[in-house]
Amino acid sequence: MADLNPAKLTIDGQDYELPVLKPTAGPNVLDIRKLYGQADVFTYDPGFTSTASCDSTITYIDGDKGELWYRGYPIEQLAEKSHYLEVCYLLLHGELPSKEQMVDFENRITRHTMVHEQMHYFFRGFRRDSHPMATMVGVVGAMSAFYHDSTDISDEWQREVAAMRLIAKLPTIAAMAYKYSIGQPFVYPRNDLDYAANFLHMCFAVPAEDYVVKPELARAMDRIFTLHADHEQNASTSTVRLAGSSGANPFACIAAGIACLWGPAHGGANQACLEMLKEIGTVDRIPEYIAKAKDKNDPFRLMGFGHRVYKNFDPRAKVMKESADEVLDLLGIENNETLKVAKELERIALEDEYFVSKKLYPNVDFYSGIILSAMGFPTSMFTPIFAMSRTVGWISQWKEMIGDPQNKIGRPRQLYVGSDRRDYVDVSSR
Ligand code: SDX
């Protein structure tokens, strides 16, 4: 990182110089690592709206332009020209694979898709009506009890094996969570199917008859995986990094990421968004919900709208919107009332001063639920699909951090506004 002219800071008449770091792209960065030691002050940034927690080479977002790059490649090009496992290789290793590298990578992933047979019993400890995200948090965390031969984070080979196991097994675990929730038998992965087709087969096949995956649906599923693969230092990725900074094993770190993603302000928004669209029901009820979203006294927010970083269209939402039209057309679903409500809601919101002034646009979660619902998934499976897609991003960011010799435990400080020091008062005197 090239240094620029230092920033000058004066505190209580004392001048300090802070290095300014120049990134490949994006805002310059004020390096405050020595500030507390020099000036005995903390910086204060709840929600980290102005804070770079790390340096990274993986993903870049320009919120004003609505741009997203994986290792420098724009998401629109990857969604159109690449496929998810190639994107996994790119995120993990930093470059697009040669033909031979891709064949080897795909073979290794394909042969790690099965889970330890004992895991089937682990699922049985859950209630049938458990939310699949609850099951996934538990089962992924338990992977360290089954695959402890890839938990030594100081061993680069074990880090690589853990990454491959997670990318390969998350679809199997997500499909098992779904099957368990609907009382159907687990369907084993098949090595003759590609990654997305395999997932759809594990979700929708039943032993009683053959299930053939439509190639166009597998392609749409694969594209959804790519669009969700990584997204810089979002809440769940930051959770994975913070968990990993203590030296926790990779499976525990990914389970922490899944838990964080579940929140409706984050990955849980795709489920919340479709439930909101269905609650609105018809186009004529949209103004009522727009008013609720604008009402400061009403906690209601338009799910699938707004973003901490994007103050323009989320590029993923644009691709997802096009894909929604294709999938519904492919499935012969005409006049989908939910899609009509979504498109009209988007149109109205983008003309409304409140949303325009606050730069609130549809995000990745706005259209994804419409596609997943049309494919046959219940809303409870939307966030598990987000979680399995994001696993490669989480583990790539984790590997980047663990592989950095400068890596240290993340330990933020605080602005303490509690009681000043005081002595204990015996209960007889209270
Ligand atoms: C994801 O970080 C990532 O990269 C996440 C993600 C990824 O790939 O990892 O992109 C995935 O999480 C996408 C976001 C999914 N969440 C939702 O769709 C839930 C609905 N959106 C909001 O909750 C909200 O927009 C957030 C949480 C996404 C962003 O919140 P911020 O950045 O903290 O913004 P804010 O809450 O400070 O909002 C700024 C203003 C506020 O009004 P004022 O206090 O300034 O008057 O905009 C308003 C908010 O009230 N606002 C909304 C709104 N989102 C923000 N008002 C109505 N509806 C909304 N959706």
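Here, residue 1 is the first one in the sequence, and each next residue gets the next number. FYI, side chains are in, hydrogens and waters are out, and symmetry mates aren't considered; it's all heavy atoms of this structure.
Met276 contributes atom CE, which lies 5.5 Å from atom CG of Leu345 (distance to the nearest 0.5 angstrom). Rounding to the nearest 0.5 Å places CG of Asn336 at 12.0 Å from CG of Asp329. Here the OG1-CD1 distance, from Thr237 to Ile395, works out to 11.0 Å after rounding to the nearest 0.5 Å. Once rounded to the nearest 0.5 Å, the distance linking OH of Tyr84 with NE2 of His228 reads 10.5 Å. If you take CD1 on Ile370 and CG on Leu339, they are separated by 5.0 Å, rounding to the nearest 0.5 Å. One distance of note links NE2 of His231 with CZ of Arg308; it measures 13.0 Å at 0.5 Å rounding.
By the ring pair (Phe, Tyr, Trp, His ring centres under 6.0 Å) test, Tyr180 pairs with no residue at all, sequence neighbours left out. For Arg124, the side chain to side chain donor-acceptor pair (under 3.5 Å) criterion is met by no residue, not counting sequence neighbours. Residues satisfying the side chain to side chain donor-acceptor pair (under 3.5 Å) test with Ser389, not counting sequence neighbours, are none. Scored by the side chain to side chain contact (heavy atoms under 4.5 Å, CB included) test, Asp298 finds Lys292, Asp295, Phe300 as partners (sequence neighbours excluded). Residues passing the ring pair (Phe, Tyr, Trp, His ring centres under 6.0 Å) test with Phe382, sequence neighbours excluded: none.
Between His307 and Phe366, the ring center distance fails the sub-6.0 Å criterion.
Checked by atom type, the side-chain pair Ser56/Glu232 shows no donor-acceptor distance below 3.5 Å. Donor-acceptor pairing under 3.5 Å is recorded for the side chains of Arg165 and Ser150.
Counting non-hydrogen atoms of neighbouring residues, nucleotides and ligands closer than 6.0 angstrom, the CD atom of Glu334 reaches no more than 12 such neighbours. Atom OH of Tyr121 sits in a sparse spot, with 12 or fewer heavy atoms from other residues, nucleotides or ligands closer than 6.0 Å.
Ion pairing between a basic and an acidic side chain is recognised when a charged N comes within 4.0 Å of a carboxylate O; Glu326 and Arg223 show such pairing.
The minimum heavy-atom distance between Arg219 and Ser82, with the atom names listed, is NH2-O, 3.3 Å. Gly94 and Arg71 get closest at one heavy-atom pair: CA-NE, 3.3 Å. Heavy atoms only, all atoms of each residue included: Glu279 and Arg285 are closest at O-NH1, 3.0 Å. Counting all heavy atoms, side chain and backbone alike, Pro384 lies closest to Pro132 at CG-CB, 3.8 Å.
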task: Dump the intermediate steps for side-chain contact (heavy atoms from CB on, under 4.5 Å) on Val139 and Phe123, then the final yes or no.
output: CA-CA 7 Å; Val139 173; Phe123 273 88; 3.8 Å; yes

query: Passes side-chain contact (heavy atoms from CB on, under 4.5 Å), Leu372 versus Met221? Steps please.
result: CA-CA 8 Å; Leu372 295 173; Met221 188 82 260; 3.7 Å; yes

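By the 30° and 60° cut-offs, the orientation of the rings of Phe126 relative to Phe122 is perpendicular. Between Phe204 and Phe377, the angle of the ring planes lies from 30° to 60°, which puts this pair in the tilted group. Under the 30°/60° scheme for interplanar angles, the aromatic rings of His93 and Phe105 are found to stand perpendicular.
Side chain of Thr49 to main chain of Pro46: no donor-acceptor pair is present (N/O by atom type, distance under 3.5 Å, no hydrogens or angles). Using modelled atom types, one side-chain atom of Ser245 and one backbone atom of Gly410 make a donor-acceptor pair closer than 3.5 Å. Checked by atom type and distance alone, the side chain of Tyr147 pairs as donor or acceptor with a backbone atom of His116 at under 3.5 Å. Here the side chain of Tyr70 pairs a donor or acceptor atom with the backbone of Ala229 at under 3.5 angstrom. Judged purely by atom type and a 3.5 angstrom limit, Gln158 uses its side chain to pair as donor or acceptor with the backbone of Asp152.
For the pair Lys358 and Tyr354, the cation sits on the ring face: its NZ or CZ lies under 6.0 Å from the ring centre, inside 45° of the axis.
Sequence neighbours left out, the pairs with a member in residues 238-283 that pass ring pair (Phe, Tyr, Trp, His ring centres under 6.0 Å) are His131-Trp262.
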